[in-house]
Visitor: 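Here it is, the structure, as structure tokens.
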Amino acid sequence: MLFRIAWKNIWRSPTRSFVVMGAIVLGVWATIFMISFTYGMVSSYVDNAIENQISHIQVHVPDFTKDQEYQYYFENPEHLLAEAKMVEGYRAATVRTLIKGAFSTSKGMRGIEIRGVIPAEEANVTKLDQKLVDGKYFQEEGKNQCLVSQRIADKLGVKVRSKIVLTFQDLQGQVTAGAFRVVGIFDTGNAPFDNGNVFVKEADLNRLLGEENIAHEMALILNDPRQVGAAKAFLQQELPDFKVETYREISPDVQLYESQIQNSVNIFIVIIMLALVFGIINTMLMAVLERYRELGMLMAIGMNKVRVFLMIFLETIFLALVAFIPGLLLGYLSVNYFNVYGINLSAFSKGLEQFGMSKMVYPTLEQGVYLQMAIAVAITGILASIYPAWKAINLKPVDAIRKI
Amino acid sequence: MSIITTKAVTKVYNPTTIPVEALRGVDLTVEQGEFTAIVGPSGSGKTTLLNIIGGLDRPTDGYVEVNGKDISKLNDNRLIDFRKDNIGFVFQAYNLIPVLTAKENVEFVMLLQKRSKAERDARSEELLTAVGLDDQMDRRPAQLSGGQQQRVAVARALASKPSFVLADEPTANLDSKSTANLLDIMARLNKEEGVTFVFSTHDQRVIDRARRVITLVDGAIASDERKES
């Protein structure tokens, strides 16, 4: 009967109960949505970085990662690709030649990283072929083709079919230059990357460098990022003379984002739940003070303090749980809706792209967060019930009964 | 057999600031089966005495024995348990649980006593029938008149099979008809089932029906009259 009384008590003042329930629904929904949005932003950043730049795993000659100097290359990269294909969860891999140089046109010049790629393999790893906004991807026929980003193209007045000159040091340390024809213009949505990179065919770059069969980097994409640890261990064992790194090691900012997301989630939950605790305490305290005489009567006729405490406790928990369910449902539905259709942040796209994020954010949430929310709301209810229940059990029946 | 005994009970409110002496050495004995009214003007100490006898308040001095047990020495939790099993209360403002039906209100105290469902059902129906509410069992307090609510309160007070029932101004909020009806019921329960009733009242209709009238003046017993039954 205690459960029944507690349940009925929360409907005594429906307006008051609905107001606090509304606050809980809103709080739960807002928390879920904010967390999913944060997850969406972080995964947009991480995915963008992995897809455009880092991949899941990279392999280099050890000294290359220190200085990024052109002489730290490996020969016969095919055997590295063969090893990569043995990795469990392998999706695609490619090798690249990376050289720092200068990009010049009749309008100006700028420092740049020249990425010599194998077109078909690069498309499998970075989907570069899908990021073209003008022109075409590398063609089988034709030497010295290059892909330029929209940002550089705009700044240096480059169009499809424009001729540009790339200048760099060859493997003997001599300054060399090559004239390239722009065949396509790309936009990865990642401003720092687009501002600093140009793509050419590996074969063309290697020829200018003076060594045909070399590469500076192997990049590997896995089917599931969670396999990255095992993949690294395997490759490091198979390629002991090379430096094998995961995306977290290559880009500490990605690791920072990934590790801090759980902290952000916890902070969101704590802030919103704290606000709710005070809202619920206020409502329950009103409910207790309003029923002061009735509570005095219950204690007078023999309801002990444990039962009175339990009754107020149950009322608070019911209030929180009844509101939690629609809040959770609303959160679940909105996360799933926006996960499919996305949230267009094009109004802020310039700023987002500067940080390497795309303008569409797809909120996403792990199932575990719903459980965390349930636990958080239960703890909120428990905390919020303590003070009103304590007030109730400390009343003196003889004074309470006389209250008007 | 005496079920209530008070010896030199005094009660002083605000002893450290502005002391108010509500009871001054009250000696009282109530026997099983009495139908007693404690009367007196406002401020004479009626309610204070009833609260102390009922274990809702503690005396400043003296002691109170109920069924041979000194209740003035029990701690709060033991007093609650003692009240549950030994004393029935009827309050001036009915004080029913608004979210429960009449039957559930009567059952409630038996639930606290952990009685079986069958026993709770049987006794609550029997008591509500005894107070003339057998057709109102499923109604909530808000759906009952003041007189009907007070009859539910009487049934609730009897549900725990207490040694006695304390009623603080039970007719104060009732009209004449309801008062007469309630008094009839309580008198019948007293006569036929031997239930002991102790009222505090200044309602002449209650005083007229009481078989013993104790008059308090300024916190002391001024007279104690027993009527011929």
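Chain letters run A, B, ... following the sequence lines, proteins first and then strands; every chain starts at 1.
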Visitor: I need the A:I301 CD1 to B:L56 CG distance, nearest 0.5 Å.
Guide: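 Reported value, rounded in 0.5 Å steps: 11.5 Å.
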Visitor: I'd like to verify something: which residue of A:R307, A:R291, A:E294 has the highest number of heavy-atom pairs under 4.5 Å with chain B?
Guide: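 Result: the option with the highest number of such pairs is A:R307.
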Visitor: Which pair of heavy atoms, one from B:N95 and one from A:M297, lies closest together, and at what distance?
Guide: O-CE, 2.9 Å
Visitor: Is a side-chain N or O of B:R83 found less than 3.5 angstrom from the main chain of A:A300, in a donor-acceptor match?
Guide: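 Present.
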Visitor: Could you tell me whether B:R78 atom CZ has more than 12 heavy atoms of other residues or ligands within 6.0 Å of it?
Guide: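 It does not: B:R78 CZ has 12 such atoms or fewer within range.
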Visitor: Mark yes or no for whether A:R293, through its side chain, and B:A93, through its backbone, hold a donor-acceptor pair below 3.5 Å.
Guide: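 Here the side-chain-to-backbone pair does not exist.
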Visitor: Find the distance between CG (A:N304) and CG (B:L112) and round it off to the nearest 0.5 Å.
Guide: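 Between A:N304 CG and B:L112 CG, I get 7.5 Å after rounding to 0.5 Å.
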Visitor: Is the count of non-hydrogen atoms from other residues, nucleotides or ligands lying under 6.0 Å from A:Y370 atom OH greater than 12?
Guide: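 Enclosed.
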Visitor: Is chain A contacted by the side chain of B:P98, its backbone, both, or neither, given a heavy-atom distance below 4.5 Å?
Guide: both
Visitor: Let me see the working for B:I80 and A:M303 under side-chain contact (heavy atoms from CB on, under 4.5 Å), right down to the final yes or no.
Guide: CA-CA 7 Å; B:I80 290 175; A:M303 190 167 179; 5.8 Å; no
Visitor: Would the number of heavy atoms belonging to other residues, nucleotides or ligands and lying under 6.0 Å from CD of B:Q143 be above 12?
Guide: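 Yes - once you tally the heavy atoms of other residues, nucleotides and ligands closer than 6.0 Å, there are more than 12.
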Visitor: By a 4.5 Å heavy-atom criterion (distance strictly below it), what part of B:E104 contacts chain A: side chain, backbone, both, or neither?
Guide: both
Visitor: How many angstroms lie between CZ in B:F108 and CD1 in A:I5, if you round to the nearest 0.5 Å?
Guide: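 CD1 of A:I5 is found 4.0 Å from CZ of B:F108.
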Visitor: To the closest 0.5 Å, what do you measure between CG (B:D76) and CE (A:M299)?
Guide: 7.5 Å
Visitor: Return the CG to NZ distance between B:N51 and A:K396, rounded to the nearest 0.5 Å.
Guide: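 Rounded to the nearest 0.5 Å, the CG-NZ separation comes out at 13.0 Å.
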Visitor: Please classify the contact between B:L96 and chain A as side chain, backbone, both or neither, with a heavy-atom cut-off of under 4.5 Å.
Guide: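 For B:L96, the contact with chain A is made by the backbone alone.
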Visitor: Could you tell me whether A:K305 atom NZ has more than 12 heavy atoms of other residues or ligands within 6.0 Å of it?
Guide: yes
